[in-house]
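Before any comments, here is the structure.
All heavy atoms count here, side chains included; hydrogens, waters and symmetry mates do not. A, B, ... follow the sequence lines: proteins, then strands. Residue 1 opens every chain.
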Protein chains: 2
Amino acid sequence: MDLRRLVYFVAVAEELHFGRAASRLAIAQPPLSRQIAQLESDLGVMLIDRSRSQIRLTQAGSVLLERARDVLERLDRTHREIKRIGEGFSGHLRVAFVGSATYGVLPNVIKAFRSAYPDVELALSAMNNAEQKRAVIQREIDIAVARPSLEDEELKSEPLLQEPLILALSDTSPLLERQVTRLSALKAETFVLYPRKPRPSFADHILSICLEEGFIPKSQVLAQDYQTAISLVSVGVGIALVPKSVSQAERPGVAYRAYEGYNPGTALSLNYRRDNRMPHLFNFLKIAQDVTRRQRKQ
Amino acid sequence: MDLRRLVYFVAVAEELHFGRAASRLAIAQPPLSRQIAQLESDLGVMLIDRSRSQIRLTQAGSVLLERARDVLERLDRTHREIKRIGEGFSGHLRVAFVGSATYGVLPNVIKAFRSAYPDVELALSAMNNAEQKRAVIQREIDIAVARPSLEDEELKSEPLLQEPLILALSDTSPLLERQVTRLSALKAETFVLYPRKPRPSFADHILSICLEEGFIPKSQVLAQDYQTAISLVSVGVGIALVPKSVSQAERPGVAYRAYEGYNPGTALSLNYRRDNRMPHLFNFLKIAQDVTRRQRKQ
DNA sequence: GCACGCTGATGACGACGCGGTATCGAACCC
DNA sequence: GGGTTCGATACCGCGTCGTCATCAGCGTGC
């Protein structure tokens, strides 16, 4: 059952006239007659009663008309559906992010993407870098928002945001009285650090900064993430270095201060498989660029 | 979106391997690659991710696979459905019959047709000859079971059953004492007759028999149909000539007797449009022939 | 009542597209 | 790094589609 023949048949069945149907189909009448005859012999069934000058459908023809219309309409809808997916306006996109990305630009990127592509189902999940790397390579996710980035032959990485580090202090700390604090002046303080593994970790990053400033924190406490670190700071356990965006979420008992000294900052990046060509991905990257560019201007 | 390409695509999507899909489709691999590429360019969408040796479906491809399977299955079902209708195993058939046909072979024909073609919806309706003729010509019904037959250029008529006439008497009638009654001996009786129109009517038929026997009933009473006639006979209004099959439905107060004399009988016929080629019709005619042939043997 | 017109079927021909074989190019594997 | 596997490309022959021309049957009208 060729599709062309089905279209032809519907035209004839609707017009009940070969000539008119042919001109509607923008072909001549002979091929139309032949195609219908071919369809009938393929099916082994008469579809059109030609015994009179005014042709009419047989029972089989009537049923086929219904079915054919249904199928053709389904194909048409499918065509549009597929096209929308192919353009990235529909379908789904799986994004994973490190917990600390929830403060800064990421929510704005998500919001912007949602409003630009409301029909794309966004599957968001929090993962640490190691999980992200595994998941993105295994194609379980499409985009990994990592800090600072994922390094792998299979992956590509694009910077999302570069931000300075900032000092988090207890709001009862006497250090608050100074306008500006030199980092090396804090060598005696207790530092809240982060898990060492997997390497290179954010803990390594902090320690390398301290080293650059000429000291190693004597007293160290471990926190799983920034939230926990801030909690520890709020109860007076010690001080912490955090990305500046973390300070956006205010917390009782915690004050933030810029510091003087080496501040390489920290970066958020978008990571994805090199061979991932899905349009949703490129659309997301574009939106992310737009949002960060706009945000940087402000 | 060509149907062949859809089939090809489903094969590739299921095998995830062009070579295997090609051999499953019993074609060579190059044309398959080209058809898939063609489908993709028709839709303007990548359906298959060929970036690795192990190919995989894109989102659009996955959705198309589902939709294509659905459409192909619908077409397959439609094919079978249409074929069954074309062979007369499914669909519907509209039959009209004169009231007096409900006694004789017709119920058996209907039963036989029902059991041979259980999926054909039979639309049965009672009509007099005039209504039948109009309805069958206008294609409102497919078969008219008429008595004796419908005459028209557009119609064909086949005998269904030829049956003798029989005398219906009150069971208190003194006529019952004789073994056989000569029709002409009844010239003084009151005859229950039938509507004169439309001509030629069954009333004319009865009167022509009487005329053949050399008399015209002096006393006549009219009944709309055989049922009414029998009712009138049962209450002693008069006597009636009815088709033999009518006597199958026994009725208190009525007795039946054969008579001596001219008995041309009466015929039931199957009538249909000459140009009606629907298989259901021919199947019905065949069943009717079988049933009457079998019944006649008994 | 016969001729004309309308409508669908049939015949002949050119063009496009499909499938076949041969071959290429890239990725993967040892 | 050479061999193997797999999809893409090049080129060719044939089938099928669409076109024009024409036929055949039915209905209609003067």
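Judged as a side-chain hydrogen bond (donor to acceptor under 3.5 Å, both in side chains), and not counting sequence neighbours, A/Arg34 has no contacts. In this view, B/Gln35 and B/Arg5 satisfy the side-chain hydrogen bond (donor to acceptor under 3.5 Å, both in side chains) rule, not counting sequence neighbours. Partners of B/Arg77 under the side-chain hydrogen bond (donor to acceptor under 3.5 Å, both in side chains) rule, at least two apart in sequence or in another chain, are B/Glu73.
A/Val145 places a side-chain heavy atom less than 4.5 Å from the side chain of A/Leu270. When side chains are defined from C-beta on, B/Asp290 counts as touching B/Lys286, because their heavy atoms get closer than 4.5 Å. Within the 4.5 Å cutoff, the side chain of B/Arg139 has heavy atoms near those of the B/Asp275 side chain. With a 4.5 Å cut-off on side-chain heavy atoms, A/Asp49 and A/Ile55 do not count as touching. Side-chain contact between A/Leu39 and A/Leu64 is present, with at least one heavy-atom pair separated by less than 4.5 Å.
Rounded to whole Å, the distance from CD on B/Glu153 to C1' on D/dC26 is 14 Å. Spacing between atom CD1 of B/Ile27 and atom C1' of C/dG20 amounts to 10 Å, rounded to whole angstrom units. Per the geometry, CG belonging to A/Leu25 stands 13 Å off P belonging to C/dG8, to the nearest Å. Here the C1' atom of nucleotide D/dG7 and the CZ atom of B/Arg56 are 15 Å apart, to the nearest Å. Atom OH in A/Tyr8 sits roughly 12 Å away from atom C1' in D/dT16 (whole-Å rounding). Atom CZ in B/Arg4 sits about 9 Å away from atom C1' in C/dG19, given to the nearest Å. The distance from atom CG of A/Asp275 to atom C1' of C/dA27 is 13 Å, rounded to the nearest whole Å. Spacing between atom CG of A/Leu32 and atom C1' of D/dC17 amounts to 13 Å, rounded to whole angstrom units.
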Inset, instruction - Would you please test A/Ser100 and A/Arg147 for side-chain hydrogen bond (donor to acceptor under 3.5 Å, both in side chains) and show each step? - result: CA-CA 8 Å; A/Ser100 66; A/Arg147 191 183 294 278; 2.8 Å; yes
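For B/Ser51 and B/Arg5, each mapped to the nucleotide of DNA chain C holding its nearest heavy atom, the one lying further toward the 5' end belongs to B/Arg5. A residue-by-residue look at A/Asp2 and A/Gln29 shows that A/Asp2 has its nearest nucleotide of DNA chain D further toward the 5' end.
Ion pairing between a basic and an acidic side chain is recognised when a charged N comes within 4.0 Å of a carboxylate O; B/Glu140 and B/Arg134 show such pairing. With respect to the salt-bridge test (charged N to carboxylate O, under 4.0 angstrom), the residues A/Arg69 and A/Glu14 qualify.
Heavy atoms of B/Ala28 sit under 4.0 angstrom from at least one base atom.
B/Ser157 and B/Asn271 are linked by a side-chain donor-acceptor pair at a separation below 3.5 angstrom, with hydrogens and angles left out of the test.
Residue A/Arg52 places at least one side-chain N or O closer than 4.0 Å to OP1 or OP2 of D/dG27. Look at B/Ser33 and you'll find a side-chain N or O under 4.0 angstrom from OP1 or OP2 of D/dA8.
DNA chain D is contacted by no residue of residues 35-49 of chain B, taking any non-hydrogen atom closer than 4.0 Å.
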Please tabulate, one pair per line, each protein N/O and nucleotide N/O from nucleotides 12-16 of chain C that are separated by under 3.5 Å, including the distance.
none

Check: protein-nucleotides 1-6 of chain D nitrogen or oxygen pairs below 3.5 Å:
from, atom 1, to, atom 2, distance (Å)
D/dC6, OP1, B/His17, NE2, 3.3

